[in-house]
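One structure below.
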Amino acid sequence: MNAHAIELRNIRKVFGKDDVLFDGFSFAVPRGQSVAIVGPSGAGKSTLLNLAALVDIADAGEVRIDGVARDISEVGSLSLAYIFQRDALLPWKTVLDNVMLGLLCRHMETSEWRQKALDLLREIGLAEYCDRLPSTLSGGQRQLAAIAQNILLEPDMLLLDEPFSGLDFQNKLLLELRLLKLLAGRKGKPVTSLFVTHDIDEALVVAERVIVLGRRPGRSSQVMLDIQVPIPLAERDPIATRQCPEVRNAFQELWAAIRPLVAGATNNG
């Protein structure tokens, strides 16, 4: 079996007539690895994630999942979850029903799974809101519920686009801890993840590998930096990881790569 869970091969992506975002771009995430992508605004981080999720279509090249070229028609058959910047909770369903939506769609709404959903809501501080509608929650609470909805089923692949951007720091720490448990895997089977963020600290907490994406047009050579985070996921704590000297050194290395890109974008308007 192919060693890569997610692979983009020779991708070309053009917006409009001549706004080239990617041109001959290739990128792969090995099975069971957690990868974060950072870089300046406009570098194509979210578009790359949408291509990997099969919700956007490349103008050329292919997206391979588990070694097989895929398209959007196959999304439902894949053990893949996509957590967006903003929630997509159904306003007429309770928080608990929203969290269990994936189970309901798969006819898996057993008492055991219901208890797992309640336990997860309790863990992230939403148990008392389980019978409420999303409109009664704060923006941060809604995002917590949306994240819970996606991680309840413990998917094999997890794609995340700035999922913690609307959370306060305390809730971010809780969700980072829960995410680390999921990514470390169960029964010896780690989860593959691709995580887009502007927050370098966040990337270093949840990823084993951090990629700096350079300016467009993105080619394979536009991966400006690719570093390994020197702490196993199973041994991480969000606060201790941020304070680790090796991780602080990695932060400085990442910022040294990103800073000229951000400064260049600012100077260009």
If you draw a 6.0 Å radius around CD1 in I239, do more than 12 non-hydrogen atoms from other residues or ligands fall strictly inside?
-> yes
Mind checking the CG-CD spacing from L144 to Q149? Nearest 0.5 Å is all I need.
-> 13.0 Å
Between R122 and D119, is a salt bridge (charged side-chain N to carboxylate O under 4.0 Å, His left out) present by the stated rule, with each step listed?
-> CA-CA 5 Å; R122 186 174 299 108; D119 290 344; 2.9 Å; yes
Sub-4.5 Å side-chain heavy-atom contact between V212 and W255 = no
May I ask you to decide whether K172 forms a salt bridge with E202, counting only side-chain N to carboxylate O separations under 4.0 Å?
-> yes
Show your reasoning for whether side chain to side chain contact (heavy atoms under 4.5 Å, CB included) applies to V205 and R242.
-> CA-CA 7 Å; V205 168; R242 283 176 165 84; 3.4 Å; yes
Keeping the roles fixed (side chain from Q143, backbone from P163), state whether a donor-acceptor pair exists under 3.5 Å.
-> yes
Charged N-O contact under 4.0 Å between D59 and R12 = no
Rounded to the nearest 0.5 Å, how far does CG of N171 lie from OG of S138?
-> 8.0 Å
What's the spacing between K13 NZ and N50 CG if we round to 0.5 Å?
-> 9.0 Å
Side chains of H4 and D66: does their closest heavy-atom pair fall under 4.5 Å?
-> no
Apply the test side chain to side chain contact (heavy atoms under 4.5 Å, CB included) to residues L48 and L8: give CA-CA distance (whole Å), side-chain angles for both, the deciding distance (0.1 Å), then the verdict.
-> CA-CA 9 Å; L48 188 154; L8 279 63; 4.2 Å; yes
Pairwise distance CG(L90) to CG(L101) - rounded to 0.5 angstrom | 5.5 Å
pair F27-I37: side-chain heavy atoms closer than 4.5 Å | yes
Over all atoms of both residues, closest heavy-atom pair of K45 and V38 | CD-C, 3.6 Å
Nearest heavy atoms of P134 and N98, plus distance in Å = CG-ND2, 3.7 Å
Whether T136 side chain and L133 backbone form a donor-acceptor pair below 3.5 Å = yes
Flag the pair R64 and E62 as a salt bridge only when some basic side-chain nitrogen lies within less than 4.0 angstrom of an acidic carboxylate oxygen.
-> yes
Taking atom CG of D201 and atom CD of Q243, what is their separation to the nearest 0.5 Å?
-> 10.5 Å
Same cluster for I57 and I11 if Ile/Leu/Val/Met/Phe/Trp/Tyr side chains link at under 4.5 Å?
-> no
Would you say F164 and T197 make side-chain contact, with heavy atoms under 4.5 Å?
-> no
Candidate pair V191 and M157, rule side chain to side chain contact (heavy atoms under 4.5 Å, CB included), full reasoning | CA-CA 6 Å; V191 174; M157 288 174 283; 5.9 Å; no
Might you point out which heavy atoms bring S34 and A207 nearest each other, and give the distance in Å?
-> OG-CA, 3.4 Å
State, with a plain yes or no, whether a side-chain heavy atom of I147 is found less than 4.5 Å away from one of R142.
-> no
Considering non-hydrogen atoms only, spot the tightest contact between Q141 and L126 and give its length.
-> O-CD1, 3.7 Å
Decide whether L179 and L177 are clustered together by the hydrophobic rule: side chain heavy atoms of Ile, Leu, Val, Met, Phe, Trp, Tyr closer than 4.5 Å, transitively.
-> no
Between I6 and A52, which heavy-atom pair has the shortest distance, and what is it?
-> CG2-CB, 3.9 Å
Identify whether the distance between the nearest side-chain nitrogen and carboxylate oxygen of R248 and E246 falls below 4.0 Å.
-> no
Same apolar cluster (I L V M F W Y, side chains within < 4.5 Å links), I227/V229 | yes
Do the non-hydrogen side-chain atoms of T192 and Q33 ever get within less than 4.5 Å of each other?
-> no
Are the side chains of F22 and T47 in touch, meaning some heavy atoms are under 4.5 Å apart?
-> yes
Classify the side-chain pair D131/T94 by whether it contains a donor and acceptor separated by less than 3.5 Å.
-> no
Ring-face cation contact, Y129 with R132, 6.0 Å cut, 45° max | no
Does the side chain of V95 come within less than 4.5 Å of L121's, by heavy atoms?
-> yes
Closest heavy-atom pair, S26 versus N10, reported as atoms and distance to 0.1 Å, is OG-N, 2.9 Å
Is there a chain of hydrophobic side chains (I, L, V, M, F, W, Y, each step under 4.5 Å between heavy atoms) that links V247 to L173?
-> no
Under 4.5 Å between side-chain heavy atoms, hopping through other hydrophobics if needed: is there a path connecting L152 to L89?
-> no
Using the side chain to side chain contact (heavy atoms under 4.5 Å, CB included) rule, take L21 and V14 through it: C-alpha gap first, then chi angles, then the decisive distance, then the call.
-> CA-CA 6 Å; L21 182 58; V14 183; over 6 Å; no
Looking at SG of C244 and CG of D237, how far apart are the two atoms once the value is rounded to the nearest 0.5 Å?
-> 11.5 Å
